[in-house]
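Working notes, beginning with the structure itself.
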There are 2 protein chains.
Amino acid sequence: MRQMAERDRVWSSERRPKGSVLLVQGDTSSSVFVLESGLVKLCYETSDGDEWVKSFIPDVGLFGSRWPLSTSQENRFSARCLEWSQIATLPADWVRSKIAADSQLQATVARFSEWIYRRKQSREETLLCETAERRYLSFLTNNASLAKRLSQADIARYLGVTPIAFSRIKERVRQKNLT
Amino acid sequence: MRQMAERDRVWSSERRPKGSVLLVQGDTSSSVFVLESGLVKLCYETSDGDEWVKSFIPDVGLFGSRWPLSTSQENRFSARCLEWSQIATLPADWVRSKIAADSQLQATVARFSEWIYRRKQSREETLLCETAERRYLSFLTNNASLAKRLSQADIARYLGVTPIAFSRIKERVRQKNLT
DNA sequence: GCCTCTTCTAAACCTGGGTTCATTCTCCAC
DNA sequence: GTGGAGAATGAACCCAGGTTTAGAAGAGGC
């Protein structure tokens, strides 16, 4: 029961509408978010008003603007709901202290860190080595169901091109598949 | 003294010439490398023979093809010396067991993981959001001394363009600075 | 010194993607 | 149903970067 009391005191799980903003790039607020259902995008906003999608988090996931151990800085990216989403918000300090006190949790965090590191590395590789068309094709094969839930503009900004260029790429691929 | 004996048994620190290969993408060998002096590049090799530079490690650093905890897979990238380098090679299994047995070491690894994760994130951001010219300029300001030790081709492949395009970018920047 | 190998730059041409403006499509609200 | 707003596509134009080939400039080796 004391467990439940603490859960209620520090957590707050809310249902948030499509479009609601969870993190704003440049802010110094510090929370860890647990996505329980829905769809969230993490994105960078450039000084000239463009937006580029860092990653999508579908269905369930864990994200925050900074890493648990990291010294306080400003958020490097923004986060916003792309669908109605159920999201729990945890204070970063509280999470940090929980992790510090629990060696088993530390091991879990280490595994999670490694998983996410490998994903980042693979993203780096595709952005550095592959053309937009190839990135599109592998995104489709690896994330077929996710792609259906996303707007063309969001997919485009994830691939690193404008929505118009993305439309052309799709047309090109369509032509190739006909022959 | 027992410490020293083990060090001699499992480590091997060697002086390696420019051009020598430390890691080959696709291999399954598993080592952790400690760069004590010199300069190393980590790079991806694509199926059509192109090479793209993942990162440079100047002077001192730590790298391996996979992460200590990771399950055995093949190397995702290659590594090669760009200058004469002094490099210690440690068996990944041995490193892994050392870390598992030492909670203080675990904390150090966690900090290192976070540091490297933040670097990856910042690289992702530049590759996704910035033009090659902007990437060149910020690389210059942040790595002025390193840039002098690198060939144009290696810088170009790090920025994500061909050496020829890089030469044009430099020319463009030169023109702008004159006015 | 000279010769060779490598690196870097130059020029010409082509393609992919950005930009702008206009048009179609689709989904809702009413 | 109709009207309207946002999303997606189409067309025209420009520029950055890839490709190829050639030439200039360094860096060793002798």
Side-chain angles (χ1 to χ4, degrees), chain A residues 17-20 39 41 43-53 56 80-84 126-140 146-178, chain B residues 17-19 39 41 43-53 56 80-84 126-140 147-178:
Chain A
K18 171 176 175 174
S20 62
L39 178 59
K41 80 170 163 188
C43 54
Y44 298 109
E45 284 155 29
T46 69
S47 50
D48 39 78
D50 287 337
E51 173 190 297
W52 299 103
V53 176
F56 301 107
R80 116 181 315 126
C81 297
L82 295 181
E83 298 173 356
W84 274 94
T126 57
L127 286 173
L128 187 58
C129 305
E130 290 181 6
T131 66
E133 183 175 326
R134 286 192 60 79
R135 285 202 292 274
Y136 166 55
L137 291 174
S138 48
F139 179 73
L140 264 195
L146 173 59
K148 295 199 192 87
R149 296 158 69 183
L150 298 169
S151 72
Q152 308 298 300
D154 279 334
I155 298 179
R157 293 311 187 175
Y158 177 76
L159 298 177
V161 295
T162 61
I164 293 144
F166 179 52
S167 178
R168 281 191 293 235
I169 290 173
K170 284 199 300 180
E171 171 64 16
R172 223 158 54 208
V173 170
R174 231 177 285 134
Q175 293 297 333
K176 287 184 189 170
N177 285 349
L178 287 183
Chain B
K18 171 175 177 175
L39 178 59
K41 79 170 162 186
C43 54
Y44 298 109
E45 284 155 29
T46 69
S47 49
D48 38 80
D50 286 337
E51 172 189 299
W52 298 102
V53 176
F56 301 107
R80 115 179 318 122
C81 296
L82 295 181
E83 298 173 355
W84 273 94
T126 56
L127 286 173
L128 187 58
C129 306
E130 291 180 5
T131 66
E133 181 174 327
R134 284 191 61 78
R135 285 202 292 275
Y136 165 55
L137 291 173
S138 47
F139 179 74
L140 264 194
K148 294 199 192 86
R149 294 159 69 182
L150 298 170
S151 72
Q152 309 298 299
D154 279 334
I155 298 178
R157 294 310 187 174
Y158 177 76
L159 298 176
V161 295
T162 60
I164 293 144
F166 179 53
S167 179
R168 280 191 295 236
I169 291 173
K170 285 198 302 180
E171 172 63 18
R172 223 158 55 208
V173 170
R174 231 176 285 134
Q175 292 298 331
K176 288 184 188 170
N177 285 349
L178 285 183

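In what follows, chains carry the letters A, B, and so on, assigned in the order in which the sequence lines appear, proteins first and then strands, with residues in each chain numbered from 1. Excluded from the calculations below are hydrogen atoms, water molecules and symmetry mates; all remaining heavy atoms, backbone and side chain alike, are included.
The two residues S138(A) and E130(A) make their nearest non-hydrogen contact at OG-OE1, 3.9 Å. Shown here for P17(B) and C81(B), the closest heavy-atom pair between the two residues is O-CB, 3.6 Å. E51(B) and D154(B) make their closest contact through OE2-OD1, 4.1 Å (heavy atoms, listed as atom of the first residue, atom of the second, distance). In terms of heavy-atom proximity, L128(B) sits nearest to G160(A) at CD1-CA, 3.9 Å.
Between D50(A) atom CG and dG17(C) atom C1' there is a gap of 13 Å when expressed in whole angstrom units. Atom CD in E130(B) sits roughly 15 Å away from atom P in dG18(C) (whole-Å rounding). Summarising the geometry, the separation between CD on E133(B) and C1' on dG17(C) is reported as 17 Å, rounded to the nearest angstrom. The CZ-C1' distance, from R135(B) to dA16(D), rounds to 12 Å in whole Å. Per the geometry, CZ belonging to R149(B) stands 18 Å off P belonging to dT7(C), to the nearest Å. Rounded to whole Å, the distance from NZ on K18(A) to C1' on dC27(C) is 10 Å.
Taking 4.0 Å as the cut-off between side-chain N and carboxylate O, E171(B) and R174(B) count as a salt-bridged pair.
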* Reading 5' to 3' through nucleotides 4-15 of chain D, protein heavy-atom contacts under 4.0 Å coded B for base, S for sugar-phosphate only, - for none -> ----SS-BB---

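Checking the phosphate oxygens (OP1, OP2) of dG17(C), no side-chain nitrogen or oxygen of T162(A) falls inside 4.0 Å. The phosphate of dT15(C) has neither OP1 nor OP2 within less than 4.0 Å of any side-chain N or O from R172(A).
Exactly one residue among Y44(A), Y136(A), F56(A) makes a ring pair (Phe, Tyr, Trp, His ring centres under 6.0 Å) with Y158(A). That residue is F56(A).
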